[in-house]
Visitor: 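Pasting in a structure now, in C-alpha cells, and then I'll have a few things to ask.
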Amino acid sequence: MASRDPLEEEFREFVAARSGALLRTAYLLAGDWPTAEDLLQTALTKTYLAWKRHGGIEAIEPYARRVLVNTSTSWWRRRWHGERPTEILPERPGVDEIEQQLDRDALWRHLSALPARQRAVLVLRFYEDMSEAQTAALLEISPGTVKSQTSRALSTLRRRLGSEAALGLPPEEEPVAPARPVTRTPARPRPVAEPGPQLSLIPI
C-alpha cells in the first residue's frame with residue numbers, strides 16, 4: 001500500500017484541528033451558515049493549492065484566515081448584500097438574558113450590512129482578539145488603515161443602534177484636542193518721560 005504524502009497528511013491534520021474555528025470566522029464574515037461553509041471550502045482549497053505549490057506554509061492558520069477574508073471580500077463585491085434575518089449566532093460562553101440576546105441580534109444585523117473590509121476588521125479585532133498590527137499584517141494593509149476602518153465601522157454601528165452602552169461596543173476614543181498656541185502680547189513700550197524744566201544756573 002502506497003504511503004500517503006506527508007504534506008497532504010499534515011494539511012488534513014490542520015483542517016481537522018482548526019476548521020471549526022475557521023468556520024465560525026467565516027460565518028461572521030458571510031452572515032449565514034450555508035455561505036460560510038462555501039466560503040470556508042473555497043478558502044481551504046486555495047490554501048491547499050498554495051500549500052502544495054510551496055511545499056508547505058510555515059504560518060498556515062494566519063495564511064488560511066487571510067485567504068478566508070480576501071475571498072469573502074471578493075464575493076461581497078460581486079454580490080448584493082442587504083440586511084437579512086440571521087440564523088443562530090455563534091455559541092459564546094455564558095448565559096445571555098433575553099434583552100442581551102435581542103441587543104446582540106440587532107448588533108449582528110447591522111454588522112452584516114457593513115462594507116466587507118470594515119466587517120473583516122471588526123471580526124479580526126474584536127472576535128479574533130487580534131491587535132491592530134496583527135490585523136494589518138493579515139489583511140496586508142497599514143495599521144493606520146485598520147484604525148480608520150475600525151473607527152468608521154464603530155461610528156456607523158453607534159449611529160444605527162443608538163445605544164452604545166447596552167450593546168457593549170468598544171468605547172469611542174476621545175479625540176485629543178490640539179494644544180492651543182501660546183500667544184504672547186508684545187509688551188508695550190514704556191512712554192519716555194518728557195524732560196522736565198531745566199534749572200537755570202544763570203542768576204536772575
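Keep in mind the model is a prediction, meaning the values are calculated, not measured.
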Visitor: Would you find a donor on one side and an acceptor on the other, under 3.5 Å apart, between the side chain of Gln118 and the backbone of Pro115?
Guide: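 Here the side-chain-to-backbone pair does not exist.
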Visitor: Hey, can you pull the donor-acceptor pairs under 3.5 Å for the side chains in residues 52-59, sequence neighbours left out?
Guide:
from  : atom 1 : to   : atom 2 : distance (Å)
Lys52 : NZ     : Asp5 : OD2    : 2.8

Visitor: Looking at residues at least two apart in the chain, or sitting in another chain, which of them share a salt bridge (Lys or Arg N to Asp or Glu O under 4.0 Å) with Arg66?
Guide: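 Checked Arg66 against salt bridge (Lys or Arg N to Asp or Glu O under 4.0 Å); matches are Glu140.
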Visitor: With sequence neighbours left out, write down each residue that passes side chain to side chain contact (heavy atoms under 4.5 Å, CB included) with Thr150, or none if nothing qualifies.
Guide: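 Once residues adjacent in sequence are excluded, the partners of Thr150 under the side chain to side chain contact (heavy atoms under 4.5 Å, CB included) criterion are Val121, Leu122, Arg125, Phe126, Val146, Leu154.
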Visitor: Of the non-hydrogen atoms in Asp129 and Gln134, which two are nearest, and what is the gap between them?
Guide: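 Heavy atoms only, the tightest pair is O-OE1, 4.4 Å.
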Visitor: Side chains of Thr71 and Leu29, heavy atoms from C-beta outward: is any pair under 4.5 Å?
Guide: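 No, side chains not in contact.
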Visitor: Atom OG1 of Thr42 and atom CH2 of Trp75: how far apart are they, to the nearest 0.5 Å?
Guide: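 Here the rounded value is 4.0 Å.
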Visitor: Looking at CZ of Arg12 and OG of Ser19, how far apart are the two atoms once the value is rounded to the nearest 0.5 Å?
Guide: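 It is 13.0 Å, given to the nearest 0.5 Å.
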Visitor: List for me each residue that meets salt bridge (Lys or Arg N to Asp or Glu O under 4.0 Å) alongside Glu37, sequence neighbours excluded, and say none if there are none.
Guide: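 Glu37: no salt bridge (Lys or Arg N to Asp or Glu O under 4.0 Å) contacts found.
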Visitor: The criterion is side-chain hydrogen bond (donor to acceptor under 3.5 Å, both in side chains); which residues satisfy it with Glu9, sequence neighbours excluded?
Guide: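 Result, side-chain hydrogen bond (donor to acceptor under 3.5 Å, both in side chains) vs Glu9: Arg4.
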Visitor: Once you round to the nearest 0.5 Å, how far does OG1 of Thr135 lie from CD1 of Ile141?
Guide: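 The CD1 atom of Ile141 is 8.0 Å from OG1 of Thr135, to the nearest 0.5 Å.
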Visitor: With heavy-atom distances below 4.5 Å as the criterion, would you say the side chains of Leu44 and Tyr48 are in contact?
Guide: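 Answer no - side chains too far apart.
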Visitor: Thr35 and Ala30: which non-hydrogen atoms are nearest, and at how many Å?
Guide: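 Looking at all heavy atoms of both residues, the closest pair is CG2-CB, 3.8 Å.
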Visitor: Quick one, Arg65 and Glu128 - any side-chain contact, counting heavy atoms below 4.5 Å?
Guide: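 The answer is yes; the side chains approach within 4.5 Å.
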Visitor: At what distance, to the nearest 0.5 angstrom, does CG of Leu23 lie from CG of Leu39?
Guide: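 Result: 9.0 Å between the selected atoms.
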Visitor: About how many Å separate OG of Ser155 and CZ of Arg160, when rounded to the nearest 0.5 Å?
Guide: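 Rounded to the nearest 0.5 Å, the CZ-OG separation comes to 11.5 Å.
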Visitor: Could you check whether any side-chain heavy atom of Ser112 comes within less than 4.5 Å of a side-chain heavy atom of Arg119, counting everything from C-beta outward?
Guide: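 Result yes, sub-4.5 Å side-chain heavy-atom pair found.
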Visitor: Do the side chains of Arg117 and Leu139 get nearer than 4.5 Å, heavy atoms only?
Guide: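 Yes, side chains in contact.
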Visitor: What residues form a ring pair (Phe, Tyr, Trp, His ring centres under 6.0 Å) with Tyr63, not counting sequence neighbours?
Guide: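 None.
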Visitor: Are any side-chain N or O atoms of Thr47 and backbone N or O atoms of Ala43, one a donor and one an acceptor, separated by less than 3.5 Å?
Guide: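 Present.
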Visitor: So, taking the atom named CD in Glu61 and the one named CG in Leu138, what distance separates them when rounded to the nearest 0.5 Å?
Guide: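 It comes to 10.0 Å.
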Visitor: Please report the shortest heavy-atom distance between Thr145 and Ser148, naming the atom on each side.
Guide: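 The answer is O-OG, 3.0 Å.
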